[in-house]
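Take a look at the structure set out below.
The sequence lines fix the lettering, A, B, ..., with proteins before strands; numbering per chain opens at 1. Please read these numbers as outputs of a predicted model, since none were measured by experiment.
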Protein chains: 2
Amino acid sequence: MEKIKVLIADDHQILLDGLKAILTKDRSLNVIGTACNGLEVLEFLKTETVDVLLLDLQMPIMDGLETTMHVKKSFPNVKIIMLTTNDEGSIITSLFKVGAIGYLLKNTSKKYLIQGIKDAHEGKKVISSHLTEKMIESLVENPKVKEGTIPKITKREIEVIKLIAQEYTTQEIADALFVSTNTVATHKRNLFVKMEVKNSVGMVRKAVDWGLI
Amino acid sequence: MEKIKVLIADDHQILLDGLKAILTKDRSLNVIGTACNGLEVLEFLKTETVDVLLLDLQMPIMDGLETTMHVKKSFPNVKIIMLTTNDEGSIITSLFKVGAIGYLLKNTSKKYLIQGIKDAHEGKKVISSHLTEKMIESLVENPKVKEGTIPKITKREIEVIKLIAQEYTTQEIADALFVSTNTVATHKRNLFVKMEVKNSVGMVRKAVDWGLI
DNA sequence: ATCAGTATCACACAATTGTGTGATGTCTCC
DNA sequence: GGAGACATCACACAATTGTGTGATACTGAT
């Protein structure tokens, strides 16, 4: 059977060596190269075919996120597993959006790491259970917003915000709510003060942040 | 030991009866009421103390999401478990933001359901593993956006979007990027067309949606 | 009964945004 | 070495947004 061609990228030489040593012992894996930043990864991919790419999240020059986006664009067949020491839930959510297939903590056991590479090669998703939990927590106990800081927004005001968010003009909002444009303008004015924003863009962003719409 | 006071809300009478029958059999649970929509739930809570609320996601008049928000605001101590038949990943993410403590599929086994109620009562998070997977999938294979539909946005344009999102005026953006206001206006014009939006509000929202900023 | 909060409207004016059209220099890629 | 994408700028004008100030009316709570 064809060996799985693996490329490892990490800015710490020691970790790079360690990973290589571990993975080389498995007879179904073939570590065909290493890189210490995203640019090197892209260079490598131009000349060699890679099945699975192990990518450190924190790297200088081009980090894991950015690298993933570039690799996915030019070499969509490469399966990318993100390695991270990060246990903050907040970042994890965004990790899921860039197109990698797996996310493992660096302290994952050898066995699980190797199995993860094989799974990823077959198109299976690979996620450290610890990371999954963290991610859920970051969603559940949304730390993005401190409750006390949210001012009271009335129903009517929320209606206005929602319509603004849908790209309605003041005139259109007035028509939709059967009030005058002056009234809508007043609502907006009040909202700007309450929400401490300068314009509709800021207002809509905060409203989304606060889960108002 | 005090029994756990449970309120069940679902618009299907049959499911309501079924759940009640199942839960009543457990001697540590006490089903003190049922409701068929969110308004009834709120009414009930005004007169009775409830420990755990089982809430159907799909209900007429006031659905699970909305109900949860209201309940959490007025009765923050009530532990809410959302029941759902929904297996679309997309909705699940938003479920995590409204403050419920658990999310279970309706076809969960009796045993797991009862255990879930007990766990929720103790403040533990309760999530069907199936739902967890779906949620991750919805993040990984983000269906919110069809890849092909995202137009090419240049670096410079993204810089402009970011500043707009931070409530910069055109003049301020021009100063920040050392270009004329005309240039900024042109970038915006081009972006509006590319992104198919009518104004900055829509643009920033889409940019956030697409993970550009 | 009074007060705070909400919702409504008016008028006027300044500031900003958005549109239409056209132009120039610099890239890269084939 | 031309085509196309990108970034830059100008000028003019329409449309919309944002601000300042003041007013009326309804409601619910003290």
Side-chain angles (χ1 to χ4, degrees), chain A residues 39 42-43 45-46 69-70 73-75 148 150-207 210 212-213, chain B residues 42-43 46 70 73-74 148 150-207 210 212-213:
Chain A
L39 286 178
L42 288 172
E43 282 305 312
L45 286 168
K46 282 182 187 164
M69 289 187 284
H70 283 123
K73 179 163 270 178
S74 308
F75 312 95
I150 300 181
K152 285 159 207 159
I153 316 285
T154 68
K155 266 183 205 160
R156 200 55 159 171
E157 287 170 338
I158 289 186
E159 292 185 78
V160 172
I161 300 179
K162 279 185 181 168
L163 294 176
I164 292 172
Q166 285 163 53
E167 307 186 1
Y168 279 51
T169 63
T170 300
Q171 181 62 61
E172 289 168 338
I173 296 169
D175 292 346
L177 300 181
F178 303 109
V179 296
S180 80
T181 54
N182 294 303
T183 301
V184 177
T186 303
H187 283 314
K188 289 176 74 171
R189 197 203 329 272
N190 293 335
L191 283 166
F192 289 160
V193 176
K194 273 189 198 180
M195 300 175 73
E196 296 176 54
V197 295
K198 290 178 185 164
N199 56 35
S200 294
V201 169
M203 184 174 69
V204 170
R205 287 203 80 192
K206 276 210 179 179
W210 292 350
L212 299 178
I213 54 175
Chain B
L42 289 172
E43 282 305 313
K46 281 181 189 167
H70 284 123
K73 179 162 272 176
S74 307
I150 300 183
K152 284 159 209 157
I153 315 283
T154 68
K155 265 184 203 157
R156 200 55 160 170
E157 286 170 338
I158 288 185
E159 292 185 79
V160 172
I161 299 178
K162 280 185 179 167
L163 294 176
I164 293 172
Q166 285 164 54
E167 309 187 0
Y168 279 51
T169 64
T170 300
Q171 181 61 61
E172 289 168 339
I173 296 170
D175 292 346
L177 301 181
F178 304 107
V179 297
S180 79
T181 56
N182 293 304
T183 302
V184 178
T186 302
H187 283 314
K188 290 176 74 170
R189 198 201 332 271
N190 292 335
L191 282 165
F192 289 159
V193 176
K194 274 189 195 180
M195 300 175 73
E196 296 176 54
V197 294
K198 290 177 185 166
N199 55 37
S200 294
V201 170
M203 185 174 70
V204 171
R205 289 204 79 195
K206 275 209 180 180
W210 293 349
L212 300 177
I213 55 176

key: Spacing between Lys152(A) atom NZ and dA4(C) atom P, to the nearest angstrom   = 14 Å
key: Passing option when Glu157(B) is tested against Lys194(B), Lys188(B), Lys152(B), His187(B) for side chain to side chain donor-acceptor pair (under 3.5 Å)   = Lys194(B)
message = For a quick test of reading the model: is some side-chain N or O of Thr169(A) closer than 4.0 Å to OP1 or OP2 of dA15(D)?
response = no
inquiry  = Does dT17(C) have OP1 or OP2 under 4.0 Å away from a side-chain N or O of Ser200(B)?
reply    = no
task = Please state whether the phosphate of dT21(C), meaning OP1 or OP2, lies under 4.0 angstrom from any side-chain nitrogen or oxygen of Arg189(B).
result = no
task = Could you tell me whether the side chains of Ser180(B) and Thr183(B) share a donor-acceptor contact shorter than 3.5 Å?
result = yes
Comparing Val201(A) and Asn182(B) on DNA chain D - which has the more 5′ nearest nucleotide = Asn182(B)
key: His187(B) NE2 - dA7(D) P separation (whole Å)   = 6 Å
message = For a quick test of reading the model, state the closest non-hydrogen atom pair linking Phe192(A) to Met203(A) and the distance between them.
response = CE2-SD, 4.0 Å
ask   = Taking CD1 from Ile153(B) and P from dA5(D), how many angstroms apart are they, rounded to a whole number?
value = 15 Å
ask   = NA contact type, Ser180(A), heavy-atom cut-off 4.0 Å: base, sugar-phosphate, or nothing?
value = sugar-phosphate
key: Euclidean distance, atom CE of residue Met203(B) to atom P of dT16(C) [Å, nearest integer]   = 17 Å
query = Under 4.0 Å between a side-chain N/O of Lys188(A) and OP1 or OP2 of dG18(D), yes or no?
reply = yes
query = Pick the nucleotide of DNA chain D nearest each of Thr170(A) and Lys155(B); which residue has the one closer to the 5' end?
reply = Lys155(B)
inquiry  = Taking 4.0 Å as the cut-off, does a side-chain nitrogen or oxygen of Thr181(B) come that near to OP1 or OP2 on dC9(D)?
reply    = no
key: Rounded distance in Å - CD (Gln171(A)) to P (dC9(C))   = 12 Å
remark   = Heavy atoms of Val160(B) and Ile173(B) approach each other most closely as O-CD1, 4.3 Å
message = For a quick test of reading the model: is some side-chain N or O of Lys198(B) closer than 4.0 Å to OP1 or OP2 of dG18(C)?
response = no
key: Pair Arg156(B) + Glu159(B), salt bridge at N-O below 4.0 Å   = yes
query = How many Å lie between CZ on Phe192(A) and P on dG20(D), as a whole number?
reply = 12 Å
query = Base, sugar-phosphate alone, or nothing: which one does Asn190(A) contact when heavy atoms must sit under 4.0 Å apart?
reply = nothing
key: Residue-phosphate contact under 4.0 Å: Thr154(A) side-chain N/O, dT6(C) OP1/OP2   = no
note = In whole angstroms, the gap separating C1' of dA7(C) from CD1 of Ile158(A) amounts to 15 Å
query = Which part of the nucleic acid does Thr186(B) contact within heavy-atom distance under 4.0 Å: base, sugar-phosphate only, or nothing?
reply = base
query = How many Å lie between CD on Glu157(B) and C1' on dA5(D), as a whole number?
reply = 11 Å
